[in-house]
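Notes to accompany the following structure.
The chains referred to below are lettered A, B, ... by the order of the sequence lines, with proteins before strands, and numbering in each begins at 1.
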Amino acid sequence: MADPILSVQQVIREYGDRVRTRALAGVDLMLDQGEFAALIGPSGSGKSTLLNIVGLLDRPTSGRVILAGLDTSNLDERALTAFRARTLGFVFQFHHLLPAFTAVENVMLPEWADRGIATREMRVRAEAMLQSVGLSDRAQFKTTDLSGGQQQRVAIARALVRRPPLVLADEPTGNLDTNSSEEIFELMRRFNRELGTTFLIVTHDPRIADRCDRTIEIVDGLVKSDHVR
Amino acid sequence: MPFQWFVALRYMRDARGQTALILSAVSVGVSVIVFLSALINGLQSSLIETTLGSQPHVTIRVPREEPRPLVEASSQRSIARLIQPASQRLRSIDQWPVVMADAERIPGVTAASPTVTGSGIATRADARLPIVIRGVDPERFLAIINVPRKIVQGTFDVSGDSVVIGSTLATDLGVEVGDKVRVASTEGIEEVMKISGVFTLGSAAVDKTWVITSLRHAQSMFALPGGATTIELKVAEVFDADRIANEIQSQTGLLADSWMALNAQLLSGLSAQSSSKIMIQVCVVLTVALGIASVLIVSVVQKSREIGILRAVGAPANRVLAIFLIQGGVLGLIGSFLGSALGVIFSLLFETLTSGPNGLPRFPVQVDLELLAGATLLATGVGLITAVIPAGRAANLDPATAIRSG
Ligand SMILES: Nc1ncnc2c1ncn2[C@@H]1O[C@H](COP(=O)(O)OP(=O)(O)OP(=O)(O)O)[C@@H](O)[C@H]1O
Ligand SMILES: [Mg+2]
């Protein structure tokens with residue numbers, strides 16, 4: 001069997017200097033390429049903290065994160081950024097697009113920010129990506145002129161434009177109505193099927209969690225249960 | 001377009017109001033610097049120009065003779081210590097052609113001219129006026145003091161018995177071009193001379209006393225055949241005059257006076273003016289710097305979540321740094337262009353508004369490329385430097401915290 005795309009080993013994350021709170025208390029987790037997993041748990045249980053650590057936005061107090069076969073604990077800031085740009089896609093709850101940019105510019109961002117110079121191909125790829133989320137007619141819109149669901153579709157296009165093996169989504173439907181939530185979920189499912197992209201989705205919505213292939217529950221900074229359907 | 005440029009310019013365009021506000025602050029600051037410098041530079045160079053329009057940069061002459069007792073004191077004979085100053089007969093510089101040739105070889109010296117300069121009396125009808133007789137070799141002398149440009153009547157001609165005299169002297173004597181005047185030197189030699197031209201060099205003393213004649217003519221009037229009492233120099237950099245004068249003095253043992261030594265008071269006035277100019281400029285620069293810094297700091301705080309996203313999707317810290325440095329630099333650059341234009345307009349307007357009845361500016365302003373380039377460089381540099389702190393903050397934002405705080 002192939003190596004797992006993600007392997008989290010004994011990850012502990014503590015906050016605070018004097019009063020130390022343990023957001024993660026020794027998490028072990030493995031994801032194989034192509035999995036579609038939900039991460040659930042009560043508020044404050046450490047879901048976002050775990051996602052940030054897996055996403056290389058934050059470092060664990062102790063423990064290791066091995067991504068696409070690479071142990072990330074020894075990478076410096078620069079290498080981490082470059083590795084993150086090529087390996088991971090992010091979708092956040094509040095669609096976190098850049099308001100000063102158009103939809104297509106937002107989708108170009110990951111490649112542009114990483115490589116430094118915009119190319120014709122980048123734009124073409126970004127436009128194709130927008131088309132595949134059904135927004136080709138909104139490419140030149142400022143993101144503030146789009147609906148919440150449309151914005152989140154742009155965010156998914158941005159997360160997937162470089163075809164990363166792993167996409168991390170923190171409550172991607174948390175701010176959307178039922179219809180839009182459904183659309184976004186279907187979109188992620190489709191990319192998972194078509195491109196084989198691995199998804200780890202934090203959600204409070206049981207309807208979403210129930211339709212994922214795997215449900216990981218985290219309570220008080222520890223994995224409490226892990227079901228594969 | 002490079003990513004950091006695109007983002008920087010987009011941010012500035014997006015925050016139009018803020019950008020316009022800070023640009024106007026920078027422009028006003030730069031325009032104050034440009035206008036003030038233009039005014040003070042203009043004032044100073046016109047003062048210096050007037051001063052140097054009627055005097056050489058360096059004058060070499062023979063030292064005064066030390067008074068000495070006629071009889072040496074000895075053990076057998078005591079003498080009265082009452083000593084008269086030696087009578088100051090005009091003396092020629094020994095071997096002046098050699099001294100002049102040596103002086104011309106000093107780097108920075110651009111022209112040299114021998115003169116015989118002494119006192120005399122001009123007489124015409126009832127008027128008897130003290131004068132300064134200046135015997136010159138016209139070709140050389142005009143390289144030192146450009147008299148023909150300041151001729152108000154007649155021409156510059158000192159051949160034969162022709163002389164050129166100052167305009168105040170002409171008025172006092174009641175003479176015009178073509179008239180004759182009787183001139184006597186301190187040697188008691190008298191001649192009648194014909195006035196070929198009248199000049200106004202702008203210095204009251206000069207215009208009231210100078211009678212310019214040929215070197216040969218003055219040599220005979222002061223009984224100094226083949227002699228020269230002074231050698232006058234022009235130098236490339238007027239503020240090098242002191243240094244060159246000292247060099248000559250120590251090399252030759254002759255006296256060498258620079259215009260700077262003769263106009264020490266003027267110069268100390270100018271330097272006081274320059275320091276107050278610098279003070280004002282420093283204050284303006286500080287204000288501009290604080291303005292740019294505060295706008296950028298606010299912008300970094302406002303955009304911290306966006307910066308977190310940029311970092312999350314793959315922007316390296318140094319590109320985030322560049323985004324804010326570029327904003328500082330561009331604000332400084334554009335501000336300095338606008339400010340320079342504004343400053344030039346102010347300057348010209350001021351010159352026109354204060355010009356005298358004859359249409360000539362009373363306060364000549366001096367706007368040059370060097371000043372504008374300097375102001376541009378300064379403002380851009382200040383923009384860049386003040387952006388360092390906010391940009392550093394942006395680059396060091398922790399992406400996880402930044403995104404969470406949104
Ligand atoms: N930057 C921080 N400084 C201090 N404590 C933090 C920080 N980030 C998270 N925590 C704490 O760590 C714990 C886990 O937080 P986390 O955001 O991971 O929870 P969560 O599961 O995502 O909750 P929610 O479902 O409400 O988003 C919480 O107790 C939180 O207060
Ligand atoms: Mg959370």
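Taken from CG in L310(B) to OG1 in T81(A), the straight-line distance is 12.0 Å, to the nearest 0.5 Å. I117(A) contributes atom CD1, which lies 7.5 Å from atom CD of Q4(B) (distance to the nearest 0.5 angstrom).
Shortest non-hydrogen contact noted between P2(B) and W112(A) is C-NE1, 4.2 Å. The two residues A312(B) and F92(A) come nearest to each other via the heavy atoms CB-CZ, 4.4 Å. Here the shortest heavy-atom pairing between L57(A) and P399(B) reads CD2-CB, 4.0 Å. Of all non-hydrogen atoms in V313(B) and A85(A), the two that sit nearest each other are O-CB, 4.2 Å. Taking both residues in full, the closest heavy atoms of R10(B) and T102(A) are given as NH1-N, 4.2 Å, listed atom of the first, atom of the second, then distance. Taking each heavy atom of A113(A) and R319(B) in turn, the nearest pair found is O-NH1, 2.6 Å.
Within 6.0 Å of the CD1 atom in I389(B), the count of heavy atoms belonging to other residues, nucleotides or ligands does not exceed 12. For R393(B), the CZ atom counts as loosely surrounded, since its 6.0 Å shell holds 12 or fewer non-hydrogen atoms of other residues, nucleotides or ligands. When the shell of 6.0 Å around CD of E237(B) is examined, it contains 12 or fewer heavy atoms from other residues, nucleotides or ligands. Within 6.0 Å of atom CD in Q302(B), more than 12 heavy atoms from other residues, nucleotides or ligands are found, so the atom counts as buried in its surroundings. Heavy atoms from other residues, nucleotides or ligands lying under 6.0 Å from CZ of R120(A) number 12 at most. Around CZ of R78(A), the count of heavy atoms belonging to other residues, nucleotides or ligands within 6.0 Å does not exceed 12. Counted within 6.0 Å of CG on D28(A), heavy atoms from surrounding residues, nucleotides or ligands total more than 12; the atom is thus considered enclosed.
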- Evaluate the side chain to side chain contact (heavy atoms under 4.5 Å, CB included) criterion for residues K142(A) and D14(B): first the C-alpha distance (whole Å), next the side-chain angles of each, then the deciding distance (0.1 Å), finally the verdict. CA-CA 11 Å; K142(A) 277 276 158 73; D14(B) 215 48; 4.1 Å; yes

- For side chain to side chain contact (heavy atoms under 4.5 Å, CB included), just list the numbers for F101(A) and V7(B), CA-CA rounded to whole Å, side-chain angles, deciding distance to a tenth of an Å, and then say yes or no. CA-CA 9 Å; F101(A) 296 77; V7(B) 179; 3.9 Å; yes

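For a residue to count as touching a neighbouring chain, one of its non-hydrogen atoms must lie under 4.5 Å from one of that chain's; by this rule R162(A) does not touch chain B. Residue E111(A): no heavy atom, backbone or side chain, is found under 4.5 Å from chain B. Both the backbone and the side chain of D114(A) come within less than 4.5 Å of a heavy atom in chain B.
Judged as a ring-ring contact (aromatic ring centres under 6.0 Å, His included), the pairs with a partner in residues 14-45 of chain B (not counting sequence neighbours) are, in order, F35(B)-F350(B).
R84(A) places a side-chain N or O within 3.5 Å of a backbone atom of R311(B) that can act as its donor or acceptor partner.
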